[in-house]
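Reading through the structure tokens given below for one structure.
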Amino acid sequence: MKLKQISLFVENKPGTVNSALKLLADNGINISTLSLSDSKFFGVLRLLIRDWEKARDLLEAHDFAVKITDVVAIEVDHAAGSLSKVLEVLDRHQVNIEYLYAFAAGLHGKAAIIFRFADPDDAISKIRSELKLVEPLDLFREIPN
Amino acid sequence: MRPALKNKKLTQGTIMKPTKAVPMNPISAMDFIPQEQLHSLQLARLREMVDLAYANVPLFKARLDERSIKPDDIQKLEDIRLLPFTVKADLRDTYPFGLFASPMKDIVRLHASSGTTGKPIVVAYTRQDLDVWSTAVARALAAVGVHEGDIAQISYGYGLFTGGLGAHSGFEKIGATVIPASGGNTERQVMLMKDFGVTCVACTPSYFLHMIETAEKMGVDMRELPVRLGIFGAEPWTEAMRSQIEKKSGIKAYDIYGLSEIVGPGVGCSCLEQEGLHIFEDFFYPEIIDPATGEVLPDGTEGELVLTTLAKHAMPMIRYRTRDITSIMTSKCACGRTIRRISKIGRRSDDMFIIRGVNVFPTQIETAIMSVESVLPVYQIILTRDHGLDNIEVDIEVNETIFHDRVSAIEDIRHTISHAIERILGIRVFVKMCAPNSIPRSEGKAKRVIDRRNLNA
Ligand SMILES: [Zn+2]
């Protein structure tokens with residue numbers, strides 16, 4: 001139900017994001033989705049990767065600061081207003097969202113939104129009857145390893 | 001409490017505290033000499049030093065003559081206050097051999113330190129001086145329980161610097177097995193430590209942190225190795241850094257103090273109690289002065305440490321101003337040693353920088369960081385000048401405890417640290433978070449401050 005998200009510290013200078021991505025690519029690790037959040041001087045690059053343990057070990061060996069966080073993927077239709085419907089449910093249950101981003105890869109015609117909740121277990125128990133949560137296996141099904 | 005020991009008569013004995021039952025090393029006997037005996041020994045040796053310097057060192061003779069002081073005027077220990085100070089510039093001005101008091105045929109070793117600017121300073125030793133030096137280091141080691149059978153890795157630089165050979169001879173004298181690893185090639189250092197079953201390490205505390213870090217990367221957990229203690233010195237370090245070293249490596253971290261001008265490492269050392277550093281007072285006489293007026297301050301008051309060599313013949317140093325800020329502790333140490341202690345040296349005048357009229361010591365910034373962070377991150381202080389205004393930037397490497405998947409959480413830590421520093425210094429600082437391993441590691445003394453103010457003035 002929960003997904004392991006890899007977060008990386010990146011300095012705000014040219015080439016740092018690419019050096020991480022290139023390292024993963026050179027080692028045959030596919031990134032399912034990524035998002036970058038930054039301040040003026042540094043950023044946090046977040047990655048969803050099927051073999052997250054291999055990616056973590058590789059990145060740590062190359063001096064990246066790495067953190068693993070549990071996130072939840074919620075399925076949404078490719079239709080106007082579908083995200084706001086999800087947000088309504090979360091709001092009704094007073095679930096705290098730290099941040100969210102879209103899952104880029106295809107998911108049998110649907111899309112997924114990745115949520116970082118303050119308390120993922122609590123969030124899952126509150127919303128699982130109303131929303132379709134994506135299992136890690138389904139999420140990565142169409143991604144080559 | 002242990003009974004007072006007669007000098008050099010001691011052959012055996014044990015410390016009474018059952019928790020720290022380390023057999024007493026006979027070499028430590030002088031550490032327990034009764035105060036009165038110590039004072040008469042100090043006076044006799046001081047007079048000998050003054051006679052020697054007056055007869056052989058023109059600069060010293062000229063300074064005494066100027067003040068109409070004769071060596072015979074030194075009648076009691078307090079009369080040392082009549083004597084002029086010696087400063088680092090005196091060593092440079094008389095470069096290379098101007099302060100030597102023994103003929104070259106009696107001098108068996110020279111060391112030199114580069115200093116930060118200009119010519120090096122040169123120091124000299126007779127055979128007897130070398131024996132005094134290695135005895136002082138051996139007494140320092142004995143005070144923290146180093147013994148025969150210990151395997152000691154010396155990771156101070158060997159060469160002109162006194163650290164490597166100084167520590168080396170002390171460990172040899174106490175009967176340890178010495179590995180002269182010198183500095184550098186950190187992965188090999190870790191390999192030696194592991195493969196040789198090293199029990200004691202001597203190096204700078206910042207280099208040891210780098211060794212711990214390197215060991216972790218190599219998959220070596222230092223806590224599982226036989227290494228049990230480290231003798232760290234040659235740079236000021238904080239209590240926070242000590243506890244970090246101890247936590248991460250599982251060793252006991254002891255402080256050794258010294259400077260080349262006096263002898264090298266071994267002027268003083270912490271004992272098992274880890275509260276301050278005992279000065280080997282029968283060899284090195286300590287005073288604390290007000291750095292502004294030169295006035296001698298009472299024990300317990302903080303000021304600049306001034307040292308006089310009492311048993312160095314190649315190059316006696318009389319009232320040498322160390323530029324280290326500390327105080328002489330007034331309480332008796334629980335270990336029973338009668339020789340006095342100085343408190344841990346956290347500040348060295350040479351490391352001080354002035355920014356916007358405020359005197360700043362790097363250790364103040366370290367203390368501020370540690371008031372926020374449980375683990376000392378790798379950091380560096382960068383001074384710049386922009387349109388005539390000095391700026392201070394503190395670069396901090398993110399580590400496990402600082403890094404977070406939310407940018408705002410890292411920003412919060414950044415702000416908390418900069419506020420903590422601002423509270424201590426009273427000036428604004430810019431804290432920058434950096435990637436792991438982006439700040440260069442030192443294999444000797446850590447380079448905490450990068451001053452770019454002259455470059456962009
Ligand atoms: Zn003691």
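First the proteins, then the strands, lettered A, B, ... as listed; each starts at 1.
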Side chain, backbone, both or neither of B/Ser408 within contact of chain A (heavy atoms, under 4.5 Å) | neither
Side chain / backbone / both / neither for A/Gln5 at chain B, heavy atoms under 4.5 Å = side chain
Would you indicate whether B/Lys194, at its atom NZ, is surrounded by more than 12 heavy atoms from other residues, nucleotides or ligands within a distance under 6.0 Å?
-> no
Quick one: side-chain contact (heavy atoms from CB on, under 4.5 Å) partners of A/Asp38, sequence neighbours excluded?
-> A/Asn12
Chain B heavy atoms under 4.5 Å from A/Leu45: which part of the residue, side chain, backbone, both or neither?
-> neither
In terms of heavy-atom pairs under 4.5 Å, which option from A/Thr16, A/Val10, A/Ile6, A/Val66 contacts chain B the most?
-> A/Val66
Give a yes or no on whether the backbone of B/Glu400 and the side-chain of A/Lys67 come within a donor-acceptor separation of less than 3.5 Å.
-> yes
What is the minimum heavy-atom distance between A/Glu11 and B/Ala435, and which atoms define it?
-> OE2-N, 2.6 Å
If you tally heavy-atom pairs under 4.5 Å against chain B, which of A/Thr69, A/Val44, A/Asp63 wins?
-> A/Asp63
Can you tell me how far the CD1 atom of B/Ile402 sits from the CZ atom of A/Phe9, to the nearest 0.5 Å?
-> 9.0 Å
Inspect the surroundings of NZ in A/Lys22 and state if more than 12 heavy atoms from other residues, nucleotides or ligands are less than 6.0 Å away.
-> no
Could you tell me which portion of B/Glu397 (side chain, backbone, both or neither) has an atom closer than 4.5 angstrom to a non-hydrogen atom of chain A?
-> neither
From CZ (A/Phe41) to CG (B/Asp395), nearest 0.5 Å | 11.0 Å
Mark yes when over 12 heavy atoms from residues, nucleotides or ligands other than B/Glu187 sit less than 6.0 Å from its CD; otherwise mark no.
-> no
For A/Arg116 and B/Asp405, work out which heavy atoms get closest and say how close.
-> NE-OD2, 2.6 Å
Which pair of heavy atoms, one from B/Phe403 and one from A/Ser7, lies closest together, and at what distance?
-> CE2-O, 3.3 Å
Heavy atoms of other groups near A/Arg128 CZ, more than 12 under 6.0 Å = no
Any chance you could measure B/Arg414, atom CZ, to A/Ser39, atom OG, to the nearest 0.5 Å?
-> 6.5 Å
Take B/Glu411 and A/Phe42 through the side-chain contact (heavy atoms from CB on, under 4.5 Å) test and state the conclusion after the steps.
-> CA-CA 10 Å; B/Glu411 280 288 310; A/Phe42 65 88; 3.0 Å; yes
Taking atom CZ of B/Arg406 and atom CZ of A/Arg46, what is their separation to the nearest 0.5 Å?
-> 9.5 Å
For B/Arg428, does the CZ atom have more than 12 heavy-atom neighbours from other residues, nucleotides or ligands under 6.0 Å away?
-> no
